[in-house]
Number of protein chains: 2
Amino acid sequence: MTASTTKSGDHQPKERLLDAAEELFAAKGFTEVSVRELAAAADVNVAAVNYHFQGKENLFHEVITRRFCIQRDRTLDGLQALLDQTEGKPQVDQIIRVLVGEYLDGALSNSFLTMITREMHSGKGGTHVQFFKQMVAPTFAAISRALTAARPSLTPDDLSWIIASIIAQIHHFILRRIKCESCEDVPEAREIMLKAFPALALDQDEYVRLTTDHITRFSTAAIDGLYPEEN
Amino acid sequence: MTASTTKSGDHQPKERLLDAAEELFAAKGFTEVSVRELAAAADVNVAAVNYHFQGKENLFHEVITRRFCIQRDRTLDGLQALLDQTEGKPQVDQIIRVLVGEYLDGALSNSFLTMITREMHSGKGGTHVQFFKQMVAPTFAAISRALTAARPSLTPDDLSWIIASIIAQIHHFILRRIKCESCEDVPEAREIMLKAFPALALDQDEYVRLTTDHITRFSTAAIDGLYPEEN
DNA sequence: ACTAATATTAAACAAGTGTTTGAATTGTGT
DNA sequence: ACACAATTCAAACACTTGTTTAATATTAGT
């Protein structure tokens, strides 16, 4: 979506604002970022925010929507690719691995999950609806389809609980990582975190690898234990 | 008139402020609540916040610390009671059940978890350190001890991953519930949530019961599958 | 009952907020 | 070259923020 009217290597003010906004909103949250701060980071005038977008709120809205779609497509594409490779008969652990891998990697590179979780618990309902319609609904449906293909005996109710537990872990391990990074300059807190969870000391690639392995093995074992294969 | 100057039965201004602050901070977050709003809710003068506490920040600090300790003690006491009942040999599923039950019930009654997760991802490091020292460290140690008593073969590394997955689910199912409640007036979003997770339609007691059951069975099955008992 | 410490109040403070304005600048089509 | 629209800009706007002030009211000690 960035190729509308770009002419040279550098971005135009509108896109510079979008990029700066994404970074700042993710780092500090909506209310903690002032319009003047945004303008300074993007090297534009304060009035640019209200000229190109129609207010701070709308800018945030566009930022978050953009990330929503990118992340959703990663997950959907990954699941579709798995279904193609396995000719419609994927294994449970393969599904979970795709899910966890795509999400972990995408969410840790740009900290959009921080933005979502933060803004999720703030009064506005407008963002909620869009988030659920564009993100939750299609992703949940795709995961359900894939898991049903792997374990036809799973009821819709079973699926809702299983998927919730998997998503829970993905989110938690992402937020742990981000939290730990934000505590780099608070050694006292960081020390306690590392003691309770040593994997946080690893670099990001290694962390993604180990975490993907763990969630996959943990969740697959749970599903195998609770809903054993029938053959 | 009658309730404004009562000192015996009703609370004094300082405590009224603490109570109002806890509710408002949990509902809207630190920056979203103004000092005037706090004062109005507690029916005191604006200056009371700076007189009794030394600024808005300190008030928040006292509010959050109070809840931290209450919740931590619930978990520690519950685990200790289980160890006493089982003469130091608890079952894995018993441990998880205590953990999940105490946390779910406590966190859903007063939405302190919303407060924590929200403020966790905001710049300040001061709250972090206290949170980790008073909450994370002792709770993690207690869970580790209990699980080690149940499965002596678990390594510290195993424990860190297992506990993380359990805590992840607890937090997630709490936040789902709170998120859903906050969407009561946005039927479009609520409908999608219920479709992906029908249990959210239940009343709180039932939700706590079913969720406790699920997390316990899911996690116990995972542990049994990954780290089978040796006897 | 008088005093001194404590508590509460309305009003003002300085600083920051998002947004708007109207002039100046740039770009574009003819 | 000119004209016309789109964009950028410094300045100001109206408003809210957390905090402080100085005066008033309340309480407790002797």
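Source: prediction; values computed, not measured. Every chain is numbered from 1 and lettered A, B, ... according to where its sequence line falls, protein lines coming before strand lines.
When each of Glu62(B), Glu23(B), Glu22(B) is paired with Arg67(B), the salt bridge (charged side-chain N to carboxylate O under 4.0 Å, His left out) condition holds for Glu22(B) and for no other.
Between His52(A) and dA6(D) there is no side-chain polar atom (N or O) within less than 4.0 angstrom of OP1 or OP2.
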**OP:** Tell me, with the steps shown, if Arg66(B) and Asp19(B) meet salt bridge (Lys or Arg N to Asp or Glu O under 4.0 Å).
**Re:** CA-CA 11 Å; Arg66(B) 189 172 65 165; Asp19(B) 294 339; 3.4 Å; yes

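Contacts of Lys133(A) classified as side chain to side chain contact (heavy atoms under 4.5 Å, CB included), with partners at least two apart in sequence or in another chain: Val129(A), Glu188(B), Ile192(B). Partners of Arg209(A) by salt bridge (charged side-chain N to carboxylate O under 4.0 Å, His left out), not counting sequence neighbours, listed by chain and number: Glu206(A).
Between Leu108(A) and Tyr207(A) there is a side-chain heavy-atom pair separated by less than 4.5 Å. Side-chain contact between Leu38(A) and Phe25(A) is present, with heavy atoms from C-beta onward closer than 4.5 Å.
Rounded to whole angstrom, the span from the OH atom of Tyr51(B) across to the C1' atom of dA22(D) amounts to 14 Å. At whole-Å resolution of the value, NE2 in His61(B) and C1' in dG18(D) are 19 Å apart. Look at CZ on Phe60(B): it is 18 Å from C1' on dT17(D), rounded to the nearest Å.
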Please write out each protein N/O paired with an N/O of nucleotides 23-26 of chain D under 3.5 Å, distance rounded to 0.1 Å.
none

**OP:** State the dot-bracket string of DNA chain D. Criteria: Watson-Crick or G-U wobble, both atom distances under 3.5 angstrom; notation: ( ) intrastrand, [ ] crossing earlier pairs, | interstrand, . unpaired.
**Re:** .||||||||||||||||||||||||||||.

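Atom CD of Glu191(B) has 12 or fewer neighbouring heavy atoms from other residues, nucleotides or ligands inside a 6.0 Å radius.
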Can I get a per-line list of side-chain donor-acceptor pairs under 3.5 Å for residues 46-54 of chain B, giving both atom names and the distance, sequence neighbours left out?
none

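Residues His172(A) and His172(B) place their aromatic rings such that the two centres sit no closer than 6.0 Å. Phe197(B) and Phe173(B) have their aromatic ring centers within a separation under 6.0 angstrom.
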**OP:** For each nucleotide in nucleotides 11-21 of chain C, reading 5' to 3', give B when a protein heavy atom comes within less than 4.0 Å of its base, S when such contact involves only the sugar-phosphate, and - otherwise.
**Re:** -B----BBBBB

